Amino acid sequence: MKKSSVVDLLLLLLTIAVLATPAFSDLVLSKVERRIDVTSQFARVTKTLKVVNSGSESVSEFTLTFPKFLGDNLAYLSVAQSEGKGKSKRHLVILSVEAANPKGKPDSISFYSVALPKPLNKGDTLTLEVVAAFTNVLQPFPEKISQADIHLVMLQESAQYLSPYAVESQSFSIKLPSARIESYTNLENTKVQGSEIKYGPYKNLPQYSYSPIVVHFESKAAFAVAEKLVREIEVSHWGNVQVTEHYNIVHRGAQLKGEFSRLEFQARPNPRGISAFKHLLARLPPRAHSIYYRDDIGNISTSQMQSDSKKTELLIEPRFPLFGGWKTFFTIGYGLPLSDFLFASEGKRFLDISFGSPMLNLVTEKLIVQVVLPEGSKDISVITPFAVTQSQEIKYSHLDIAGRPVVVLEKNNVVPDHNQNIQVYYKFSNINLLSEPLMLISGFFVLFITCIIYTRADFSISKSSPAYLAKLQWDEVLATLQEVQSIIQKCLATHDKLEASLRDLSRTGDIQICKAARKSTDSLLKDLSKELKPLLAFLQSSPSASQIYLKVEELVAKEKELQEKLMAKHTTVVEGYEKKSSGRDIENRIASQQQKIITLKQEVEDLLEFIDEI
Amino acid sequence: MAAKPIASPIPVAMYPTLSVFTLAIGLVITAFFFIYEATSSRKNRSLVKELVTAAVASVFLGFGSLFLLLASGVYV
């Protein structure tokens, strides 16, 4: 045993002997059951206290005490009032607890005061359920072991319940991980049953009774401690909650003495290295997806995943087994569906997500939870079931302008009992969702605008060089050519109309409509030929278009010929109808014209194609 | 008032399909835009036509690339 703790205990006993504060004496604990579970790396204490008010005044406050060496390592404490017994037992309310500092308090005892839901009157009884978790109370002993040694730890406690109240009956049991017990303090009424040690029951204990015990036993639990854990929870309203966890893990058990032999570690049938741990198990929420496990080097492939409808289990194996004092660093990340964690209530939205690490039996010395909310979130508030340090930051991520608000929650000494849900409330309007696509859209639009400007810009240096002038002229020729083309196309379209009117005539026999169509096409074609004139004049005058002009001239001439033939055909047909000639007669008359029209049409189209290719 | 779960405006499973279709439409319109830029001569090019094509193309490309990001796991 360490010398300092022996001194501690002596001091404690001394102060207890001196102490006699009557302020707490109104209450009596009629029955106390204490169970301490040390199967993992931390000590979890559950107590059932039956409180009776034997005084004359009603009491509204209850005081819990722990020896100082335990109180200093207290990670988690919750007190609930319960009713009934056995299976019908119900937990009624979680009571508020705070560290107290009564007058004349001895240094060797930590005090916590519990506010009772209603004052306890004279003669009334009340049952309290206390859950407390202590870290660093399992001291490795010996402190340094070699690879082949087993891992032994030591626990100090008191067999009698340390309390400012008198205790009528008290029992105490210690649950150990294995039946291998090196030594334990043997008092009266001590029983060992398998891996459990029972002290008591002890009757009629005075206030502040204390009898130190020490248990020395083997522990196979993984003493995995996260020196620092940063959990980043990023909410995206596009349907995802992304969790990224950065772990700095250290084995806080007995330190490895001497060197590590991989050969001995993997030897069969007697592997040496029982004090090391190889795996860590993370229990992630159901429907977790896109899970990754990596470190600075890259992906770590030694992980396994199993999932069902209630949970997702991730078994990860670090790159090397961890012995006492060894450290490792890694990152795990996973995505969660938004609708499982984000809710709307009274005009606000809130994220309801677990605070602690999903790793089983992991103690975190410094936990930083960063909740990254979407850009544009306002009125942020956080509800936690226990006290944490809060602050706010801004984070810049994909497609951000103003940055995303980040709620930073910090807590030291976190045990799995802290894996309770926290709620982050904020206000967010769905309009803000559109800011990201709008940014992308404007980005693309700017690209297009740049292209438009580029094609319109004139980048030539010398504005008077012959090559530049020739290019300008050529551009103009091309533009004129396109105009000529479009006019000819229009002419061809009017020709089609004329033909259509002829077909209508043969169907309905209405000459008037056909004549009207003829009139309108006449005027249209006239207009078009008028438009064509200046263009042709320009092409003729332009020196660079001399070759092309010939073709264009030919095209225009052919088109005119086609036009004339069509008109002639039209006149013949209409006249035939007016004279009421037979259909066959008319057809005979226009047969030769029709032949010519078809060849001309073909020629015009060929010419157009030729010009199009320039 | 009871808390109501909030889901994404578009089901997450739709993102890959949506991204393929919007990007395809966007790229076709972009192609049309560049063909128009390259073939029409400087004189008779219509600014309105260019701007309308550019706007429609950028809307499709913008949403398409957003859905592509979301489908590939970059939740913006």
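All figures in this text were calculated on a predicted structure; none of them were measured in a lab. Naming convention: chains lettered A, B, ... in sequence-line order (proteins, then strands); numbering from 1 in each chain.
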Check the pair A/W238, B/V12 against side-chain contact (heavy atoms from CB on, under 4.5 Å), reporting the backbone distance first and the verdict last. CA-CA 8 Å; A/W238 289 103; B/V12 176; over 6 Å; no
Give, as side chain, backbone, both or neither, the part of [X] having an atom under 4.5 angstrom from any heavy atom of chain B.
X: A/L481; value: neither
X: A/T455; value: both
X: A/Y454; value: neither

Quick one: which of [options] has the most heavy-atom pairs under 4.5 Å with chain B, could you say?
options: A/E483, A/H398, A/E375; value: A/H398
options: A/E234, A/M439, A/R349; value: A/R349
options: A/S397, A/C451, A/S442; value: A/C451

Is it the case that over 12 heavy atoms from other parts of the model lie below 6.0 angstrom from the [atom1] atom of [X]?
X: A/K463; atom1: NZ; result: yes
X: B/F34; atom1: CZ; result: yes
X: A/Y292; atom1: OH; result: yes

Please walk me through it: do B/L47 and A/I452 pass side-chain contact (heavy atoms from CB on, under 4.5 Å)? CA-CA 8 Å; B/L47 184 66; A/I452 292 174; 4.0 Å; yes
For chain A, which candidate among B/S40, B/P9, B/G26 shows the most heavy-atom pairs at distances under 4.5 Å? B/P9
Part of B/A38 within contact of chain A (heavy atom distance under 4.5 Å): neither
Which atoms of B/F33 approach chain A - backbone, side chain, both or neither, heavy atom under 4.5 Å: side chain
Would you check if B/F60 and A/F444 make a side-chain contact, meaning some heavy-atom pair closer than 4.5 Å? no
Check whether any side-chain heavy atom of A/L440 sits under 4.5 Å from a side-chain heavy atom of B/F63, and report yes or no. no
Say you draw a straight line from [atom1] of [X] to [atom2] of [Y]; how long is it, rounded to the nearest 0.5 Å?
X: B/S8; Y: A/L433; atom1: OG; atom2: CG; answer: 9.5 Å
X: A/L438; Y: B/L66; atom1: CG; atom2: CG; answer: 10.5 Å
X: A/F445; Y: B/L51; atom1: CZ; atom2: CG; answer: 5.5 Å

If we ignore hydrogens and angles and just use 3.5 Å, is the side chain of A/S339 paired with the main-chain N or O of B/P5 as donor and acceptor? no
Give a yes or no on whether a salt bridge exists between A/R456 and B/E50, defined as a side-chain N under 4.0 angstrom from a carboxylate O. yes
Evaluate B/L61 against A/L447 for side-chain contact (heavy atoms from CB on, under 4.5 Å), listing each step before the verdict. CA-CA 12 Å; B/L61 284 182; A/L447 191 79; over 6 Å; no
